[in-house]
Amino acid sequence: MALVEVRNVTKSFQRDTQVIEVFDNLTLDFAEGSFTALMGPSGSGKSTLLNLIAGLDKPTSGTVTVAGAVVSSMTPSALATWRARHIGFVFQSYNLLPVLTAFQNVELPLLLTRLSKKERGERVRLALGVVGLDDRLDHYPRQLSGGQEQRAAIARAIVSDPTLILLDEPTGQLDKKSAEEVLGLLRRLNTEFRKTIIIVTHDAHAAEKAGQVLHLDKGVLAT
Amino acid sequence: MKLLPLVFANLRRHKLRTILTMLGVALATFLFASLRSVVTTLNAGTEVASASRMGVQNATAIVFPLPMSYKARLEAVPGVKAVSWANWFGGQYGDGKVFFATFAVDPESYLAMYPEIVVPPDQKEAFLRERTAALVGRGLMEQFGWKVGQNVTIKGTIFPGDWIFTIRGVYTPSVRAIDDRSFIFQYAALDERLQHRISPGWYTLQLTDPSLAAGVAQTIDDMFRNSSAATKTMTEKAFNQSFVTMWGNVQFLMNSIGMAVVFAILMVTANAMMMTARERTGEVAVLKTIGFTDRTLFLLVMLEASVLTLTGAILGLGGAKLLYSGTGFNGFGFLPGFDVSAGTLVIGFAIALGLAVVSGIVPAVRAARLSIVQALRHVE
């Protein structure tokens with residue numbers, strides 16, 4: 001059963017006087033519980049597709065549906081609320097807030113819920129425990145290694161138990177060992193916790209960890 | 001409330017910038033409170049004026065005297081119950097660095113007309129009995145450590161020479177706006193030493209009924225219109241205000257300086273908020289990705305601006321209140337009862353809130369309207 005349905009999506013950008021078409025009538029599905037790697041050269045539309053699925057951007061035409069919700073037609077306010085509940089997003093450069101500790105960074109999505117402080121604390125500890133950072137609660141990002149920062153970012157992405165986890169080049173800035181740890185963690189989240197994961201990567205080794213690999217080239221799916 | 005730790009964490013990001021901006025707001029609100037308190041203190045002196053008292057001064061200016069012969073004619077005006085007169089002496093004590101008001105008054109009529117000036121009966125008696133006696137405010141006595149019975153030499157500035165007075169009484173004002181640092185002596189002492197070549201600086205009238213004030217003023221000014229010293233008769237409130245305006249348009253000056261200071265600090269605060277917001281473009285995009293709504297981000301920035309300016313205002317306004325109350329500051333005798341009023345504190349906090357809105361609104365709107373994709377492209 002498809003958790004994410006991309007239907008007849010067209011996306012174009014205006015750059016000065018030039019119109020750049022990223023997708024033209026793209027249609028594809030992502031099954032619930034799947035672990036998919038999106039690969040392709042720079043400018044092929046991988047990150048744009050991830051942004052459309054996360055509701056960070058809107059298609060020029062066509063629809064994007066996630067777990068029955070038509071993301072492409074939601075208002076910005078409804079999208080924000082929906083994202084808080086259903087999407088866990090991980091960036092290439094971690095994007096932890098430097099003024100907050102690992103605990104506080106992971107707690108951020110929960111500040112938007114009605115959970116009590118105690119309940120939030122329990123969930124944060126659990127999420128940091130899953131990524132193996134339960135001994136780094138009070139560390140600031142500058143006190144963590146790159147791999148640890150990315151694991152904290154993954155903990156932030158999973159703390160609200162989202163429907164879908166999206167990762168944009170999560171191992172792009174990591175050394176081999178740290179990348180391996182992160183990929184192993186993603187594999188575990190998929191197999192053990194049945195999380196649906198879509199990862200954008202250039203790294204063939206990272207893609208190997210995924211259950212399926214989709215190749216995009218100039219906005220066209222080339223499986 | 002859940003978002004407050006995030007606000008405080010952001011304020012700690014550039015501690016020095018935050019502290020300097022807060023201190024800027026503190027200094028601006030401190031100056032605002034100080035300058036406005038000058039105006040409110042001067043006005044307080046006119047607010048406590050009695051409705052049944054009037055002042056008569058020379059129509060040209062208060063520095064020009066009025067003939068002594070006017071006394072009898074003023075007493076004869078219907079509605080006038082009593083007449084008193086006084087002169088500004090303008091002396092100096094010691095090295096002259098500490099200023100205090102020095103008046104020559106007709107003692108009996110003056111004390112009868114001003115029940116707010118409270119003097120123990122025995123001291124009042126002693127003051128009235130002796131021509132070179134002086135009546136001194138409690139604040140001035142404490143400032144110089146003077147004692148009743150002590151001789152004090154005042155150096156005349158308008159009336160040259162050394163003038164020796166014996167302190168016979170100490171007065172305590174029953175209302176705060178009346179100066180407790182004045183030095184009062186008998187008009188007769190001045191008149192005698194100057195061999196009757198002086199005349200009163202102004203007259204004060206006690207009315208039988210406050211409602212007669214307008215008619216009495218008209219009658220008196222008409223009576224002396226074509227004389228060598230035309231009069232200007234006014235209520236005590238207006239009379240006191242004419243003293244204030246001797247300094248020029250103090251109110252306008254103080255308010256102008258106060259507003260200029262506030263405007264300057266508005267620029268500083270707005271600049272700090274803009275810099276802070278620009279530096280955090282990427283973080284705002286991350287928060288939006290996590291699920292923070294445009295409204296929440298708008299509130300976060302406004303909260304940050306409010307914490308910044310209100311903390312500064314608490315320091316500045318609270319500091320002014322504590323400093324002036326604690327030290328009993330009175331503007332070197334020019335501003336008796338000087339204090340930062342509740343009204344000034346309220347306006348000060350309103351200004352701080354205004355600062356928060358004006359300095360925070362642009363970065364807050366920018367944060368709310370930020371395009372996530374464009375901002376992330378900038379960061380990634």
Side-chain angles (χ1 to χ4, degrees), chain A residues 11 13 22 47-48 50-52 54-58 75-101 103-117 120 140-141 153 156-157 159-160 162 166 168-169 172-173 200, chain B residues 1-19 21 272-273 275-301 303-304 307-308 364-380:
Chain A
K11 179 69 185 174
F13 296 108
V22 185
S47 295
T48 304
L50 213 60
N51 290 342
L52 291 175
L56 303 179
D57 202 357
K58 294 218 173 211
T75 62
S77 166
L79 262 178
T81 311
W82 173 83
R83 263 198 310 272
R85 177 68 196 90
H86 294 283
I87 299 292
F89 204 102
V90 179
F91 305 91
Q92 180 179 357
S93 50
Y94 333 131
N95 283 337
L96 296 174
L97 269 60
V99 290
L100 302 181
T101 61
F103 182 97
Q104 290 169 322
N105 265 291
V106 176
E107 192 188 16
L108 278 172
L110 301 181
L111 296 177
L112 304 168
T113 66
R114 291 174 188 273
L115 292 176
S116 68
K117 192 176 178 185
R120 293 200 304 268
Y140 286 91
R156 182 174 68 187
V159 73
S160 55
L166 304 171
D168 194 356
E169 302 269 10
Q173 292 190 2
V200 163
Chain B
M1 289 301 283
K2 282 189 288 189
L3 298 175
L4 272 181
L6 190 54
V7 170
F8 289 120
N10 279 330
L11 286 170
R12 284 196 300 270
R13 184 186 303 256
H14 291 289
K15 286 194 187 81
L16 185 63
R17 185 197 294 166
T18 300
I19 289 169
T21 310
M273 285 304 299
M275 283 170 71
T276 305
R278 246 196 316 272
E279 288 163 1
R280 293 213 298 263
T281 303
E283 287 177 24
V284 170
V286 171
L287 290 173
K288 282 193 170 192
T289 305
I290 286 172
F292 280 66
T293 60
D294 296 351
R295 190 165 161 266
T296 308
L297 285 162
F298 178 88
L299 282 174
L300 265 176
V301 177
L303 254 177
E304 197 174 321
V307 170
L308 196 65
V365 168
R366 273 191 189 175
R369 288 185 180 171
L370 185 78
S371 154
I372 304 174
V373 174
Q374 281 179 5
L376 285 177
R377 200 172 292 144
H378 171 74
V379 178
E380 296 276 313

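Residue numbers start from 1 in every chain, and the chains themselves are labelled A, B, ... in the order their sequence lines are given, proteins ahead of strands.
When all heavy atoms of A:Pro76 and B:Asp294 are compared, the closest pair comes out as CB-OD2, 4.4 Å.
Residue contact with chain B, scored on non-hydrogen atoms closer than 4.5 Å, involves the side chain of A:Arg120 exclusively. For chain B, the nearby part of A:Thr113 is the backbone; its heavy atoms alone come within less than 4.5 Å. Contact annotation for A:Phe13: only side-chain heavy atoms (C-beta onward) come within less than 4.5 Å of a heavy atom of chain B.
Between A:Arg156 and B:Val286 there is a side-chain heavy-atom pair separated by less than 4.5 Å. Proximity of B:Glu283 to A:Leu100: side-chain heavy atoms (C-beta onward) are nowhere separated by under 4.5 Å.
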Report task. Kindly indicate, with the supporting measurements, whether the criterion side-chain contact (heavy atoms from CB on, under 4.5 Å) is fulfilled by B:Ile372 and A:Arg83. Result -> CA-CA 13 Å; B:Ile372 304 174; A:Arg83 263 198 310 272; 3.5 Å; yes
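Chain B forms more heavy-atom pairs under 4.5 Å with one residue of A:Ser160, A:Ala80, A:Ala54, A:Gly88 than with any other, namely A:Ala80. With chain B as partner, the option from A:Leu111, A:Leu112, A:Leu97 having the largest number of non-hydrogen pairs under 4.5 angstrom is A:Leu112.
The backbone N or O of A:Leu56 sits nowhere less than 3.5 Å from a side-chain atom of B:Lys288 that would complete a donor-acceptor pair.
Rounded to the nearest 0.5 Å, atoms CG (A:Leu79) and OG1 (B:Thr293) are 12.0 Å apart. Between the OG1 atom in B:Thr289 and the CG atom in A:Leu166 there is a gap of 10.5 Å [rounded to 0.5 Å].
Residue-level contacts of residues 11-19 of chain B with chain A, in order of numbering, are B:Arg13; threshold 4.5 Å between heavy atoms.
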